[in-house]
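Taking it in order: structure first as structure tokens, then the write-up.
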Amino acid sequence: MLNPDKEKIKKLKKKLKIQEKKNAEIRDQMATQRTIFANERTLMAYLRTAMTVTVGGFVAIKFSDDLYLEIIGSILIPFGIVLGIYSFIRYRNKQRLIEGHHQSYSPTSHEHAKAHNAEKSYNDGGNSI
């Protein structure tokens with residue numbers, strides 16, 4: 001009685017190991033996508049801040065009669081524009097870095113194909129647990 005139970009446990013462990021290999025590659029792909037989305041969200045935050053600073057400078061110039069607010073506005077407008085340019089440069093550099101990691105990443109697809117074929121032949125053999 002113990003041998004059939006041990007065989008079942010062995011088959012279950014093998015099946016679990018195959019599934020874990022498949023899940024690892026999916027997790028890696030999802031992590032890459034999350035990183036790309038985080039980079040895009042950071043770009044949007046930078047652009048939103050740059051636009052706010054630029055508009056704040058514009059408002060300070062247009063709607064004030066004080067000299068110091070006009071000077072502050074004159075400083076804020078170029079600062080906002082520089083911040084916007086910096087955000088694009090930063091985004092592009094990070095995107096290249098992410099793409100470089102993505103291209104150098106070698107998924108274990110051939111191993112997954114082998115595992116998938118082994119699982120399929122196991123299931124086709126009628127040895128269901």
Side-chain angles (χ1 to χ4, degrees):
M1 262 299 183
L2 248 48
N3 286 339
D5 289 339
K6 284 185 180 181
E7 277 300 313
K8 285 183 181 181
I9 291 172
K10 202 179 226 184
K11 288 178 184 179
L12 283 172
K13 284 183 180 180
K14 185 177 180 180
K15 197 173 185 180
L16 181 62
K17 194 177 275 190
I18 291 168
Q19 189 62 41
E20 286 174 352
K21 287 180 182 179
K22 288 179 187 177
N23 291 345
E25 186 167 315
I26 292 170
R27 273 193 309 268
D28 290 344
Q29 290 171 352
M30 289 175 64
T32 301
Q33 289 301 317
R34 282 192 305 269
T35 305
I36 290 169
F37 292 145
N39 192 32
E40 291 172 355
R41 283 191 307 272
T42 303
L43 171 66
M44 292 298 156
Y46 267 105
L47 290 177
R48 184 176 55 242
T49 303
M51 186 176 65
T52 302
V53 169
T54 304
V55 169
F58 180 75
V59 167
I61 290 173
K62 288 294 180 183
F63 297 121
S64 74
D65 295 331
D66 297 330
L67 179 62
Y68 74 93
L69 285 177
E70 289 182 11
I71 292 171
I72 289 174
S74 299
I75 293 170
L76 287 177
I77 290 174
F79 181 74
I81 292 170
V82 168
L83 183 61
I85 292 169
Y86 169 76
S87 68
F88 278 114
I89 292 170
R90 182 188 180 284
Y91 168 77
R92 191 61 211 143
N93 288 340
K94 294 290 182 181
Q95 197 67 18
R96 285 184 187 143
L97 183 66
I98 292 167
E99 288 170 2
H101 283 292
H102 184 66
Q103 289 172 355
S104 66
Y105 174 72
S106 57
T108 55
S109 296
H110 61 283
E111 292 297 325
H112 289 193
K114 287 179 190 176
H116 181 69
N117 290 337
E119 182 183 46
K120 186 176 178 182
S121 65
Y122 171 76
N123 289 336
D124 289 345
N127 296 331
S128 61
I129 298 174

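When a residue number appears, it is its place in the shown sequence, counting from 1.
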Would Met51 end up clustered with Val59 when hydrophobic side chains under 4.5 Å apart are linked, directly or stepwise?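 They do share one cluster, since a chain of ILVMFWY contacts under 4.5 Å joins Met51 to Val59.
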Can you get from Phe79 to Leu69 by hopping between Ile, Leu, Val, Met, Phe, Trp and Tyr side chains that sit under 4.5 Å apart?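 Yes, Phe79 and Leu69 fall within the same hydrophobic cluster.
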Quick check for you: to the nearest 0.5 Å, what is the distance between Arg90 atom CZ and Leu83 atom CG?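 It comes to 11.0 Å.
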Using the side-chain hydrogen bond (donor to acceptor under 3.5 Å, both in side chains) rule, collect all pairs that involve residues 64-80, keeping only residues at least two apart or in two chains.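 Pairs touching residues 64-80 that pass the test: none.
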With sequence neighbours excluded, tell me which residues meet side-chain contact (heavy atoms from CB on, under 4.5 Å) with [X].
{"X": "Leu76", "result": "Val53, Ile72"}
{"X": "Ile36", "result": "Thr32, Gln33, Glu40, Gln95, Ile98"}
{"X": "Leu16", "result": "Glu20"}
{"X": "Val82", "result": "none"}

Counterpart residues, salt bridge (charged side-chain N to carboxylate O under 4.0 Å, His left out), relative to Arg92 (two or more places apart):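 Scan of Arg92 (salt bridge (charged side-chain N to carboxylate O under 4.0 Å, His left out), adjacent residues dropped) gives Glu99.
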Pairs in or reaching into residues 45-63: which pass salt bridge (Lys or Arg N to Asp or Glu O under 4.0 Å), with residues at least two apart or in two chains?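 Qualifying pairs: none.
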Pairs satisfying ring pair (Phe, Tyr, Trp, His ring centres under 6.0 Å), at least one member in residues 5-43, at least two apart: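 Listed by first then second residue: nothing to list.
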Test ring-ring contact (aromatic ring centres under 6.0 Å, His included) applied to Tyr46 - qualifying residues, sequence neighbours left out: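 Testing Tyr46 for ring-ring contact (aromatic ring centres under 6.0 Å, His included), a comparison that skips the adjacent residues, returns Tyr86.
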Apply the hydrophobic cluster definition, ILVMFWY joined by side-chain contacts under 4.5 Å directly or through others, and give me every member besides Met44.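 Met44 shares its hydrophobic cluster with no other residue.
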Apply the hydrophobic cluster definition, ILVMFWY joined by side-chain contacts under 4.5 Å directly or through others, and give me every member besides Ile75.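 Taking Ile, Leu, Val, Met, Phe, Trp and Tyr as members, Ile75 shares its hydrophobic cluster with Leu67, Ile71.
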Glu7, Lys8, Lys15 screened by side chain to side chain contact (heavy atoms under 4.5 Å, CB included) with Lys11, the one that passes: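 Going through Glu7, Lys8, Lys15 one by one, the side chain to side chain contact (heavy atoms under 4.5 Å, CB included) with Lys11 is satisfied by Glu7 alone.
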